[in-house]
Amino acid sequence: MTDDEWQAHVTREAAKAIGEWLEGRGRLHQHIRCLTLPDLEAMATNAISRFVVLASERIKAEPDDHPDLTLLLLG
């Protein structure tokens with residue numbers, strides 16, 4: 001998978017994590033402006049968590065191919 005393909009994949013996965021959080025939260029009929037700061041923080045946490053998992057899997061699968069990603073996660 002190229003870096004661009006991986007970026008698109010990670011973006012989709014992060015969006016899915018946010019969507020799952022929103023569905024789990026309920027109240028999907030409300031406007032986005034009704035979200036509170038804790039709601040936004042929870043969505044961000046879910047997206048970041050998904051990124052960390054995917055990045056860790058990529059590093060494990062290709063340990064010497066992504067030094068910048070390794071540095072980002074471990075630095």
K.L.:
On a heavy-atom basis, which atom in Asp39 and which in Cys34 lie closest, and how many Å separate them?
P.N.:
OD2-O, 4.4 Å

K.L.:
Distance alone, cut at 3.5 Å: any donor-acceptor contact between the side chains of Glu41 and Thr45?
P.N.:
no

K.L.:
So if you build clusters from Ile, Leu, Val, Met, Phe, Trp, Tyr with side-chain heavy-atom gaps below 4.5 Å, do Ile48 and Trp21 land together?
P.N.:
no

K.L.:
With a cut-off of 6.0 Å (strictly less than), are more than 12 heavy atoms of other residues, nucleotides or ligands near CD1 of Ile32?
P.N.:
no

K.L.:
Measuring from Arg58:CZ to Asp65:CG, what's the distance to the nearest 0.5 Å?
P.N.:
8.5 Å

K.L.:
Give me the atom names and distance for the closest heavy-atom approach of Trp6 to Met1.
P.N.:
CA-SD, 3.4 Å

K.L.:
Taking atom types as modelled, find out whether Glu62 and His66 have a side-chain donor-acceptor pair closer than 3.5 angstrom.
P.N.:
yes

K.L.:
Rounded at 0.5 Å granularity, tell me how far CG in Leu74 sits from CG in Leu71.
P.N.:
8.0 Å

K.L.:
Salt bridge check, Lys16 against Glu13: does any charged N sit closer than 4.0 Å to a carboxylate O?
P.N.:
yes

K.L.:
Can you give me the closest heavy-atom contact between Val10 and Phe51, atom names plus distance?
P.N.:
CG1-CD1, 3.5 Å

K.L.:
Report the residues that fulfil side chain to side chain contact (heavy atoms under 4.5 Å, CB included) with Ala17, sequence neighbours left out, ordered by chain and then residue number.
P.N.:
Asn46, Arg50

K.L.:
Short question: side chain of Glu23, backbone of Glu20 - any donor-acceptor pair under 3.5 Å?
P.N.:
no

K.L.:
Calculate, to the nearest 0.5 Å, the distance between atoms CD1 and CG belonging to Ile59 and Leu69 respectively.
P.N.:
4.0 Å

